[in-house]
Amino acid sequence: MAAPTDKMESIINLCKRRGFVFSSSEIYGGLNGFFDYGPLGAELKNNIKQAWWQDFVHRRDDIVGLDSTIIHHPTTWKASGHIDNFTDPLVDCKESKMRYRADQLFFAPVIVASETIGYVSVLEDESMQTKAEELAQELKRKLARQGALEPIQLKDYTQATEAQYALIPSPATGKPGSLTPPRSFNMMFQTYVGAMQDASAVAYLRPETAQGIFINFKNVVDTGRVKLPFGIAQMGKAFRNEINPRNFIFRSREFEQMEIEYFISPAADWKTAHREWIEGCLNWFESIGIPRDKLSLYPHPQEKLAHYSKGTTDIMFEFPFGVQELQGVAARGDFDLTQHSQVSGQKMDWFDESTKARFIPHVIEPSVGVDRVFLALLTTAYHEEEVEGEKRIVLRLPARVAPYKAAVFPLVKNKPEIVERAEALYRRLKKRFNVFYDASGAIGRRYRRQDEIGTPYGITIDFETIEKGAGVTVRHRDTLEQVRLSEDEVVRFLDEKVNGLV
RNA sequence: GCGCGUGUAGCUCAAUGGUAGAGUACCACCUUGCCAAGGUGGCUGUUGCUGGUUCAAGUCCAGUCGCGCGCUCCA
């Protein structure tokens, strides 16, 4: 078993070597946090998206699709809270080079006998009040002050005044003077719409696809013939100016999301709906080849919830670099529709015919990153193994998502009957499936080349096909076993394996 | 954004300040009756980029970009 970093390295290497993922703008030295998908990566990624759309939109009666723009009216982000909240106020300690989130760094003046003798600082945790009081006592002793110590009242660093920045000690060194003022990093990419580059033209690239759904809620309700409960699904690019992108395509600045806003009545039991969606998403992951034992749940603690959320559970995946979020399933209540209704002045409510009640629906939001599913599939599928003394690299991708569904080979290429028959089968299969044709090199080498890119079946036309009309051999990627099928049977066989509709 | 490390052929890696190489992959042809066989030939580099030191830089120095790890961050 390879060490985690080795496994990631091998996977990144394979991605580059075989055309799954390239770093973006590579000829200019690359661009941190941006990745391009090569010929095989584009296939795999599209197959993931297609499977998701099929399963959640086409095969359900209660979810409809949407494709909204990447740039919305800027007020969208005011209403959603992103302009005010999608930021990380950060503080640096110039001496220790440590970086803190300003809203997690707390400070208080130490007041003895009505005189401020200095400041203490602590990092946010349960015991920070006690720690701050101890520090204050210590400071009082050090300065040999007499008198009553006034109660320590902690405030976070975002509330510090300019005069206080220089007086608050760094938690790392305990000495004042090394902390910078809090600096705000809004993670939305800004651009300008139209010719004028002034404040009135500022717009943002969406940091999530969700808001495109909310601002179209009324349109869909008015035209979509939907009945509560129902969902609106959307796939598309989103952009976040991450301070520090890491772990290959896991956290990038341009990425793709697949989100559903599933609207329910406020009278409905949202906890049940939430739980059902978590189950549904787990099942979907399993169905496309992500094993259940690598998935786990992380319910966000109540006090850490984002401003919109009544409850959020992350579906975590065991990546080689650690257990990380694959999907978030959030119960957003009626926060978003209420916000957009209030800010826009438009009605965002639902009229229930049976109860004659009018209300703003609540929503459950399963939100998953395509790139993360891509990486989860690759890390699950990647195997190095020994076959008859030789190292074999194989991607055990399920047929439904594999870039090529099958490869067609003539056993040898110097016998025209075999080559012609193989080419004919290739052309026939290509009308229905993405298949690959390869005549160059020994047959074993050709099998191995396909193993490495996850092609589940190798179809070989051999002498028996020609001489005895014995059909073709179908070689399975994972077991190396071969079966003989007629060419007609091969079409049905692939249809069954690829589309899974048995 | 900070610190440490790192960057040579598509990939894995060599090369004491002195002519940039190997393996592999890839392409063509030959050979080949099922798991990376063999033969012949071919392709592959502004040594990440920009500047500096030097008679001479892949090698030393500075800056910059990318990557890895740690801190930090992560709706």
Side-chain angles (χ1 to χ4, degrees), chain A residues 5 8-10 12-19 22-34 38 80-82 85-101 104-105 172 180 183 185 187-188 207-208 210-211 238 240-248 250-253 257 259 300 304-309 312 314 321 324-325 328 330 332 365 367 369 387-394 409-415 418 440-452 458-467 472-477 480-482:
Chain A
T5 50
M8 268 314 283
E9 257 175 57
S10 306
I12 293 169
N13 189 281
L14 176 70
C15 283
K16 172 81 195 298
R17 190 156 37 88
R18 301 310 302 265
F22 308 123
S23 75
S24 173
S25 318
E26 203 184 66
I27 62 168
Y28 293 110
L31 189 59
N32 193 2
F34 294 89
S80 70
H82 282 78
N85 295 310
F86 202 60
T87 55
D88 293 310
L90 300 178
V91 189
D92 288 307
C93 168
K94 285 178 284 192
E95 196 172 317
S96 67
K97 308 294 183 194
M98 295 291 279
R99 169 170 285 183
Y100 305 100
R101 260 178 67 166
Q104 291 175 357
L105 174 59
T180 63
R183 287 174 297 171
F185 294 90
M187 293 181 37
M188 285 193 290
E208 62 174 34
Q211 297 305 321
R240 288 178 198 172
N241 202 356
E242 299 286 352
I243 294 162
N244 197 356
R246 277 289 160 93
N247 291 324
F248 196 39
F250 178 80
R251 177 171 297 112
S252 53
R253 290 183 164 130
Q257 290 184 309
E259 294 194 303
H300 288 212
K304 289 273 183 184
L305 288 179
H307 63 273
Y308 57 73
S309 181
T312 298
D314 288 343
F321 44 82
Q324 298 278 353
E325 178 185 349
R332 293 174 82 121
E365 177 195 85
S367 163
V387 175
E388 291 171 23
E390 296 281 350
K391 183 179 155 192
R392 177 171 93 125
I393 294 176
V394 55
F409 312 118
L411 183 60
V412 294
K413 70 171 170 180
N414 60 353
K415 299 285 186 293
I418 289 184
S440 87
I443 189 72
R445 172 187 298 255
R446 283 179 271 161
Y447 285 145
R448 296 296 174 83
R449 283 198 280 241
Q450 295 305 313
D451 290 344
E452 208 180 36
I459 300 166
T460 304
I461 284 70
D462 62 10
F463 288 86
E464 286 183 49
T465 313
I466 307 295
E467 290 163 5
V472 300
T473 66
V474 178
R475 177 261 198 187
H476 293 236
R477 175 196 62 202
L480 308 180
E481 279 165 10
Q482 297 190 2

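In what follows, every chain begins at residue 1, and chains take the letters A, B, ... in the order their sequences are listed.
- Among the atoms of the strands shown, base atoms are found under 4.0 Å from some heavy atom of A:Gln482.
- Here B:C35 presents its P atom at 17 Å from CD of A:Gln450, a figure rounded to the nearest Å.
- When the C1' atom of B:A36 is taken as reference, atom CD1 of A:Ile393 falls 11 Å away, rounded to whole Å.
- Contact check, A:Asn32 against B:C67: a side-chain N or O comes under 4.0 Å of OP1 or OP2.
- The interatomic distance linking A:Glu26 (CD) with B:A9 (C1') rounds to 13 Å, in whole Å.
- In this structure, A:Phe409 places its CZ atom 13 Å from P of B:C35, rounding to the nearest Å.
- Distance, A:Phe250 CZ to B:G68 P: 14 Å, rounded to whole Å.
- Nucleotides B:G70 and B:G51 place their P atoms 36 Å apart, quoted to the nearest Å.
- Judged by distance alone, with hydrogens and angles left aside, A:Asp462 brings a side-chain donor or acceptor within reach of the base of B:C34, the pair sitting under 3.5 Å.
- As a whole-Å value, the separation of A:Asp451 CG from B:C34 P is 17 Å.
- Each of A:Arg17 and A:Arg332 was assigned the nucleotide of RNA chain B with the nearest heavy atom; the assignment lying further toward the 5' end belongs to A:Arg17.
- Pair assignment for B:C27 gives B:G41, based on Watson-Crick or G-U wobble hydrogen-bonding distances that are each under 3.5 Å.
- Within 4.0 Å of A:Lys413, counting heavy atoms only, lies at least one base atom of the nucleic acid.
- Under the 4.5 Å side-chain criterion, counting only non-hydrogen atoms from C-beta, A:Gln257 is in contact with A:Glu208.
- Closest of all the heavy-atom pairs between A:Gly33 and A:Ser252 is O-CB, 3.2 Å.
- In this structure, A:Phe463 counts as stacked on the base of B:G33 under the 5.5 Å centre distance and 30° plane angle limits.
- Taking side-chain N and O atoms only, A:Arg445 has no distance below 4.0 Å to OP1 or OP2 of B:G38.
- A:Lys16 has a side-chain polar atom (N or O) that falls below the 4.0 Å cut-off from OP1 or OP2 of B:C11.
- Listed candidates were B:G33, B:G70, B:A36. Nearest to the side chain of A:Arg448 is B:A36.
- Protein atom CG of A:Asn13 is 12 Å distant from nucleotide atom C1' of B:C13, rounded to whole Å.
- Both A:Arg475 and A:Gly441 sit near RNA chain B, but only A:Gly441 has its closest nucleotide nearer the 5' end.
- Residue-level contact check: A:Ser23 touches neither bases nor backbone, having no heavy atom under 4.0 Å from any strand.
- Side-chain contact between A:Leu480 and A:Arg392 is present, with at least one heavy-atom pair separated by less than 4.5 Å.
- The side chain of A:Arg246 has B:C71 as its nearest neighbour among B:C35, B:C71, B:C34.
- OP1 or OP2 of B:U32 has at least one side-chain nitrogen or oxygen of A:Asn414 nearer than 4.0 Å.
- Note on A:Arg240: only backbone sugar-phosphate atoms sit closer than 4.0 angstrom, heavy atoms only; bases stay farther off.
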Given side-chain contact (heavy atoms from CB on, under 4.5 Å), test A:Ile418 with A:Ile466 step by step and report yes or no.
-> CA-CA 7 Å; A:Ile418 289 184; A:Ile466 307 295; 3.8 Å; yes
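- Backbone-only engagement by A:Arg449 is indicated by non-hydrogen atom pairs under 4.0 Å involving sugar-phosphate atoms exclusively.
- For A:Ile443, whose side chain is taken as the heavy atoms from C-beta onward, the closest listed nucleotide among B:C34, B:C35, B:G33 is B:C34.
- Atom CD of A:Glu9 and atom C1' of B:U12 are 11 Å apart (whole Å).
- Side-chain contact check for A:Glu26 versus A:Lys16: some heavy-atom pair is nearer than 4.5 Å.
- Comparing the C1' positions of B:G21 and B:G3 gives a spacing of 35 Å, expressed to the nearest Å.
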